Structure formats: structure tokens, C-alpha cells
Amino acid sequence: DTEVTQTPKHLVMGMTNKKSLKCEQHMGHRAMYWYKQKAKKPPELMFVYSYEKLSINESVPSRFSPECPNSSLLNLHLHALQPEDSALYLCASRVTTGDAYEQYFGPGTRLTVT
Amino acid sequence: DQQVKQNSPSLSVQEGRISILNCDYTNSMFDYFLWYKKYPAEGPTFLISISSIKDKNEDGRFTVFLNKSAKHLSLHIVPSQPGDSAVYFCAANSGYALNFGKGTSLLVTP
């Protein structure tokens, strides 16, 4: 099983709203990721969690706040977003042992900021 | 600075023929390379990978070739099928992060 699930599938929010994106995996992976993807562009790394600790923050604005409550869950809290933040938000996970580096992606949350 | 480059934005191939997607990289420290397939509005799907200590890896219709001296890898799909039509991303591993190319849009025509 290489499934990463994400909810919601679609989200429309105003610039003053607070919302959260959720990601879950049950593969026992201890590295989890948030990416942002705009149309016709490659995924752009936002955050990396390793063993539930934030290890990489790619200079993401503070209106995006990640959280890793446990080894299976990853959240992305959104507050005061801008219309240019509209994108597909992808979660991924990966093993942290051995020499396998495949990241498995979820289906994404299509976010529209109005 | 783009360390992984896919110089062909698009490729069209007839069904049954071979599709060859190319990827170049600049960082000799990359130790693992991956190909992902992506349909619109979906997450990327892992296809095949190769370690830098190998020069070929095969999985069914998909084969990845790595030429370390040229810093070049390619994905071969044989035979190509209409369902293969998607955007293909090449990626290189560096620590915990993946460096993605900009993608090649493959269209397989009947």
C-alpha cells in the first residue's frame, strides 16, 4: 500500500478565513512533505517533517503553518491567504531508512483563494 | 538555479512506438533519480527510479537509463499506450529533498 490521502479535495476560501489541509499515510514513513504546485510547473517544496519535527522550511510565508501531530498525520493551517496562493497543495511521504528515496504523493487539495 | 532540466516541454508519439523522455542534471552529488507521471489536478505518481551506482533499471514497459559521465538520464516507454499521455517529471534526490525538472508533456496518439 503506497497511499497518501488528503482532505479536502477542493477548498475555496476568502482572504480572511482560517482553514486547514489534512494529510494521512499509514506506510510507516517518518518523513512527510508539503508541496505547492501551480499549473504547468513542477512541485515546489514548502516544508519537510522528519520524525515529527520540522526539518526544512523553504522560506514559506507565515500565513502557512504546518503541524505534525503524529507520525501518520500532517496538517497545513492556512490564514490570511492571498489570491496568488491559489494552487494544488500536495502532501508526500518517504521512508527514512535504507537507500530508497521514493516520495509518494497524495492526490492534492485544489485551493482557490478569493 | 535549475539543477534538473527537461529541455523538451512536449513530445508526441504514436501508439505502439517508443517514447523517450530526456533529463539532464548539473549536480554531481545527486545519488538517486526518479520519474513521476502526473495527470491534471492529481498528485504525481511514482513510476521508476535508479540509483547512481546503476546505469539501467527496468520495470515492465518502463526503463530508465543513467549516464553519469554525461549527467543525463532518459525514460523509455515501450510500447507507448494512449493512457501514458501525461506530464512526466524527472527528479533527483538530495538529502531529504527532491529537485524536479519542469516536466515533459507526452501525448500518445492512436
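Residue numbers start from 1 in every chain, and the chains themselves are labelled A, B, ... in the order their sequence lines are given, proteins ahead of strands. Just so it is clear, the structure is predicted and the values come from calculations on it, not from any experiment.
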- Ring centers of F62(B), H76(B) separated by less than 6.0 Å: no
Whatever's closer than 4.5 Å to a heavy atom in chain A on Y96(B) counts as both
Ranking Q103(A), K41(A), Q37(A) by heavy-atom pairs under 4.5 Å to chain B gives rank one to Q103(A)
Q.
Less than 6.0 angstrom separating the ring centers of F33(B) and Y25(B), yes or no?
A. yes
| said: For D55(B), is there an ion pair with K68(B) - N to carboxylate O distance below 4.0 angstrom? | reply: no
Honestly, the part of E44(A) sitting under 4.5 Å from a heavy atom of chain B is neither
* Looking at F47(A) versus Y35(A), is the centre-to-centre ring distance below 6.0 Å? -> no
Whatever's closer than 4.5 Å to a heavy atom in chain A on Y39(B) counts as neither
Residue from G95(B), G103(B), P44(B), G43(B) scoring the most non-hydrogen pairs under 4.5 Å with chain A is P44(B)
### Task
Compute whether any side-chain donor of one residue and acceptor of the other, for T5(A) and E24(A), lie under 3.5 angstrom apart.
no
Of the listed L98(B), L34(B), V87(B), D31(B), the one with the largest count of heavy-atom pairs under 4.5 Å with chain A is L98(B)
